[in-house]
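Comments concern the structure below.
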Amino acid sequence: MLTLQFIPYNEIKNLNKVEKIEKLLNIVKTNRIVLVEGRLNPDEEASLIQRTMEIIDRKFKGVEICGVEYKKKNEQIIDVLKTSLARLLLGNREGFTVIGPATIVREIRRDPNKIELFTSSIKKRRR
Amino acid sequence: MVISYFKKLFTKIFGRKKSIKLGFYGPVNSGKSSLANKICLDWLGEEMSTVSKVPHETREVIIKEKVKIRSNNGKELEFNLVDTPGIATKIDYEEFMKYKMNEKEAKERAKEATRGVIESIKWLENVDCVLVVLDASKDPYNQVNITIIGNLAARNIPVLIVGNKTDLRNSSVKRIENAFPQYNVIGISALKGENMQDFYQELFNLVK
């Protein structure tokens with residue numbers, strides 16, 4: 001059975017980078033796939049990889065991560081202004097981020113508006 | 001990040017640094033060390049890193065200083081090449097056991113590899129420009145590539161994407177261009193030395 005845990009933007013918006021990464025990795029370490037509302041910024045993604053490397057051990061072998069952001073084409077100026085204002089007031093909630101334990105999620109492919117999760121077989125995981 | 005910004009601003013105002021720190025970044029087994037070796041062979045007559053098919057062969061940052069490269073029009077630039085370990089989001093010691101390593105050796109290599117990834121990310125602050133080396137036969141649109149390029153963009157570090165392994169039948173430089181349309185992409189084969197002249201020209205365009 002796969003467990004998907006949703007983390008709404010409001011739950012992490014007031015956390016600093018370290019706290020946010022710890023929160024997400026603590027969930028992933030319990031063999032759950034995390035679905036975060038909004039994208040992590042590049043600095044947070046790099047820090048997440050660094051922290052992941054620090055805690056890799058016999059059981060926890062790292063993560064698979066994928067950020068998806070919807071890219072609008074031929075956007076009108078008024079739409080750009082609306083989006084910018086919404087980001088300013090509510091934070092950047094556009095897109096989502098999937099983080100899964102590498103022992104369960106073998107690969108994540110994007111296409112680019114859909115994502116595919118390739119999972120390891122339960123048999124293999126129990127070895 | 002602020003210090004690095006002011007360093008760059010200072011250099012811009014008071015003239016070019018003598019040597020340019022050129023970072024080699026990319027995922028594991030994309031051919032960063034093969035390209036660094038090819039450049040060193042072309043301009044110094046010697047290699048700088050060991051390469052192998054085993055993932056995470058480069059597990060610490062390797063630096064080759066004072067590599068002078070000449071452009072087609074006779075202009076010469078001096079580089080310090082910074083070959084970094086491949087960046088990965090997962091490392092499983094059992095993967096190394098497929099390459100005839102015993103459990104102890106595989107675990108040690110995995111530990112060194114994790115340290116290598118951390119070191120690579122730390123070095124992002126210390127390079128002047130970067131070659132992002134991707135395996136042109138693989139899907140370029142993965143999170144490691146996006147994270148590397150996103151971090152370089154956030155730091156305003158000039159980037160040239162190198163689509164390596166064009167000698168492989170299923171390689172496609174076009175696929176990389178489509179994934180990262182805002183960047184210059186050059187296809188090469190570091191192993192076979194294909195398209196290296198165009199690569200050096202693009203390198204000069206990157207740092208000018």
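Note that the structure is predicted; figures quoted are calculated from it, not measured. Just so it is clear: chains get the letters A, B, ... in the order the sequence lines come, proteins before strands, and each one is counted from 1.
Note: A:Pro42 leads A:Ala46, A:Pro42, A:Gly62 in heavy-atom pairs under 4.5 Å with chain B. Each of B:Ile87, B:Ile91, B:Val117 has some count of heavy-atom pairs under 4.5 Å with chain A, and the biggest count is that of B:Ile91.
Note that CG of B:Asp139 is 9.0 Å distant from CZ of A:Arg110, once rounded to the nearest 0.5 Å. Rounded to the nearest 0.5 Å, atoms SG (A:Cys66) and CG (B:Asn142) are 9.5 Å apart. The distance from atom CD of A:Glu45 to atom OG1 of B:Thr89, rounded to the nearest 0.5 Å, is 11.0 Å. Remark: A:Arg51 CZ to B:Ile118 CD1 distance equals 9.0 Å, nearest 0.5 Å. One finds the OH atom of B:Tyr93 at 13.0 Å from the CD1 atom of A:Ile56 (value rounded to the nearest 0.5 Å).
The part of B:Lys107 that comes within reach of chain A is its side chain, from C-beta onward, which places non-hydrogen atoms under 4.5 angstrom from that chain. Heavy atoms closer than 4.5 Å to chain A are found in both the backbone and the side chain of B:Asn151.
Remark: side-chain polar atoms of B:Lys90 are paired, donor with acceptor, to backbone N or O of A:Arg106 under 3.5 angstrom. Remark: the backbone N or O of A:Gly67 is paired with a side-chain donor or acceptor of B:Gln143 at under 3.5 angstrom.
The 12-atom threshold is exceeded at NZ of A:Lys61, counting heavy atoms of other residues, nucleotides or ligands nearer than 6.0 Å. Atom CD of B:Glu60 is surrounded by 12 or fewer heavy atoms from other residues, nucleotides or ligands within 6.0 Å.
A salt bridge links A:Arg58 with B:Glu103: at least one charged nitrogen is closer than 4.0 Å to a carboxylate oxygen.
The shortest distance between side-chain heavy atoms of B:Thr147 and A:Ile49 falls below 4.5 Å. Side-chain contact between B:Arg155 and A:Asp43: present, with at least one pair of heavy atoms (C-beta onward) separated by less than 4.5 Å.
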